[in-house]
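Have a look at the structure below before the remarks.
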Protein chains: 2
Amino acid sequence: MFKAIADPTRRAILDELVDRDGQSLFEICTRLAMKHGLSSSRQAVSQHLDVLEAAGLVTVRREGRYKLHHVDTAPLGAIAERWPPPGPGRP
Amino acid sequence: MFKAIADPTRRAILDELVDRDGQSLFEICTRLAMKHGLSSSRQAVSQHLDVLEAAGLVTVRREGRYKLHHVDTAPLGAIAERWPPPGPGRP
DNA sequence: TTGATAGGCAAGCGCGTACTTGCCTATGCT
DNA sequence: AGCATAGGCAAGTACGCGCTTGCCTATCAA
């Protein structure tokens, strides 16, 4: 999971899915090229999505010939849980 | 910074420094071998510490011939800030 | 001053991983 | 049926990264 967010392209995909949940593969490709200036091929994005899915950060739902991707940022909470911020506790 | 916590050895180093702040290089090596069962060489750990320092997660303070390492988990807050947990907002 | 401890620098090796290339399957529109 | 769209699979390539190896410097104790 930590390796999943180590790649900048995968982080951009997460940003994109947070901004607009339930996108298909081609939608993600297009918006990555547009908004983030990334020129990743379809296969590259597909492989990134596989990694994100294996990390539990993205869930997949088939709809006809489309494959819609939904983001789930819950696993990232393990990071804040493992190394809690040094701020003042909850009074 | 994301790549810094992608490596399990570096995560173990962070755990070790949270448990006991201000350790030297050899202390970290020893405790990594003891508690985590990792047999990393001194140079390997040193390079990991360089990465953690570059990521802003570890600060260094020289004391005589020792090099004390202090942890700073604040940069990790950027993760929770970038992808906020989907829980209920703050009412 | 000599030896031992703590750490630094740089080159090289091996493997993982991000990406490409080429081809194949499935669903939808007309 | 026929074509276009959406996606899958597998092998191959290139580069980064973690780690080792070898040697060097600096601080402290005797």
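Here is the naming used below: chain letters follow the sequence lines, and residue numbers restart at 1 for every chain.
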- Query: So which residues get pulled into Met34(B)'s cluster when ILVMFWY side chains under 4.5 Å apart are joined, directly or through others?
  - Reply: none
- Hydrophobic cluster (4.5 angstrom, side-chain heavy atoms) - remaining members for Tyr66(A): Leu68(A)
- Item | Inter- and intrachain pairs under salt bridge (Lys or Arg N to Asp or Glu O under 4.0 Å), touching residues 73-83 of chain B, at least two apart | Asp15(A)-Arg82(B)
- Item | Non-neighbouring partners of Gln47(B) that pass side chain to side chain contact (heavy atoms under 4.5 Å, CB included), sequence neighbours left out |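 With neighbours one apart ignored, the set is empty.
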- Item | side-chain hydrogen bond (donor to acceptor under 3.5 Å, both in side chains) partners for Arg65(B), two or more places apart |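 With neighbours one apart ignored, the set is empty.
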N/O donor-acceptor pairs under 3.5 Å from side chains in residues 50-62 of chain A, not counting sequence neighbours:
{"residue": "Arg61(A)", "atom": "NE", "partner": "His70(A)", "partner atom": "NE2", "Å": "3.2"}
{"residue": "Arg61(A)", "atom": "NH1", "partner": "Glu63(A)", "partner atom": "OE1", "Å": "2.8"}
{"residue": "Arg61(A)", "atom": "NH2", "partner": "His70(A)", "partner atom": "NE2", "Å": "2.9"}

Considering only nitrogen or oxygen atoms on both sides, find all protein atoms under 3.5 Å from nucleotides 26-30 of chain C and state each distance.
{"residue": "dT27(C)", "atom": "O2", "partner": "Arg65(A)", "partner atom": "NH1", "Å": "3.4"}
{"residue": "dG28(C)", "atom": "O4'", "partner": "Arg65(A)", "partner atom": "NE", "Å": "3.4"}

- Using modelled atom types only, decide if a donor and an acceptor are shared between the side chain of Arg10(B) and the backbone of His48(B) within a distance under 3.5 Å. no
- Quick one: OG1 on Thr73(B) to CD1 on Ile79(A), what's the gap to the nearest 0.5 Å?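 Separation between the atoms: 12.0 Å.
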- Of residues 12-33 of chain A, the positions that come close to DNA chain D - non-hydrogen atoms, cut-off under 4.0 Å: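 Under 4.0 Å from DNA chain D: Ser24(A), Leu25(A), Phe26(A).
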- Difference in axis direction between the ends of the helix from dT1(C)-dA30(D) to dT30(C)-dA1(D), five pairs, 10°: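 The end axes of the helix from dT1(C)-dA30(D) to dT30(C)-dA1(D) are about 30° apart, to the nearest 10°.
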Using residues 35-46 of chain A as the side-chain source, report each donor-acceptor pair under 3.5 Å to any protein atom, sequence neighbours left out, with the distance given to one decimal.
{"residue": "Lys35(A)", "atom": "NZ", "partner": "Asp19(A)", "partner atom": "OD2", "Å": "3.2"}
{"residue": "His36(A)", "atom": "NE2", "partner": "Glu16(A)", "partner atom": "OE1", "Å": "3.1"}
{"residue": "Ser41(A)", "atom": "OG", "partner": "Ala44(A)", "partner atom": "N", "Å": "3.3"}

- Taking every non-hydrogen atom, the tightest pair across Trp83(B) and Leu14(A): NE1-CB, 3.6 Å
Check the interface with nucleotides 12-15 of chain C: list each N/O to N/O pair with the protein under 3.5 Å, or write none.
none

- Message: Return a single string for nucleotides 11-25 of chain D, one symbol per nucleotide in 5' to 3' order, where B is base contact, S is sugar-phosphate-only contact and - is none, cutoff 4.0 angstrom on heavy atoms.
- Response: ------SSBBBB---
- Task: Would you mind reading off the distance between Leu52(A) atom CG and dT17(C) atom C1', rounded to a whole angstrom?
- Result: 14 Å
